[in-house]
Trainee: 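One structure coming up, written as structure tokens, with questions to follow.
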Amino acid sequence: MGKLERVCISIPSDLLAEFDDAIMKMGYPNRSKAVQDAMKSFLAEFKELKALSGEASGAIIMLYVHRKPGLVQELLEIQHEHDELIVATMHVHLTEEECLEVITVRGDVARIRSLANALRTRKGVRALKVVIV
Ligand code: NI
């Protein structure tokens with residue numbers, strides 16, 4: 001392991017509580033080790049998608065909070081900017097607060113990656129998964 005860095009980050013308290021509960025059940029000795037492992041998983045997913053090239057088909061599954069001001073408009077703009085990829089979308093009003101969207105895609109992997117990253121980095125998007133088949 002290289003030099004250690006201390007960082008200070010903001011995390012919603014409900015997310016932190018859920019994370020703490022999960023890592024305790026998994027037997028992690030502390031948060032630091034669990035966060036390091038979570039970061040490694042995040043990077044592995046990023047690298048896996050980055051290593052792909054050419055044409056592909058798949059789906060982007062996204063969970064977001066629809067009441068966040070401007071978010072729905074922003075997500076729509078991003079999808080329209082990638083309209084050549086999108087085959088179909090399915091929108092589910094999951095709860096009073098959350099929407100689940102499945103965006104089926106077909107086309108250039110670099111563009112699929114661009115679409116997924118543009119969506120996932122918006123505040124209010126709680127989860128996003130890319131599945132390439
Ligand atoms: Ni909805």
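Note that ligands are numbered from 1 as they come in the structure, with each ligand's atoms numbered from 1 the same way.
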Trainee: Looking only at atom types and distance, does a side-chain atom of His66 sit under 3.5 Å from a main-chain N or O of Leu71, one as donor and one as acceptor?
Mentor: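 Absent.
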Trainee: Sorted by chain and residue number, which protein N/O/S atoms are under 2.8 Å from the Ni ion (ligand 1)?
Mentor: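 Checking every protein N, O and S atom gives His91 NE2, His93 ND1, Cys99 SG.
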Trainee: Is the shortest side-chain heavy-atom distance between Ile112 and Leu52 below 4.5 Å?
Mentor: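 Counting from C-beta outward, Ile112 and Leu52 never come under 4.5 Å.
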Trainee: Between Glu96 and Arg67 (salt bridge meaning N to carboxylate O under 4.0 Å), is one present in this structure?
Mentor: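 Yes, this pair counts.
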Trainee: Would you call Arg122-Glu77 a salt bridge at under 4.0 Å N-O?
Mentor: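 Answer for the salt bridge query: no.
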Trainee: Between Asn117 and Arg120 (side chain of the first, backbone of the second, donor and acceptor by atom type, cut-off under 3.5 Å), is there such a pair?
Mentor: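 No; zero donor-acceptor contacts below 3.5 Å.
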Trainee: Test Arg126 against every option in Leu15, Leu100, Leu63 by the side-chain contact (heavy atoms from CB on, under 4.5 Å) rule and name the one that passes.
Mentor: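 So the option named by the test is Leu63.
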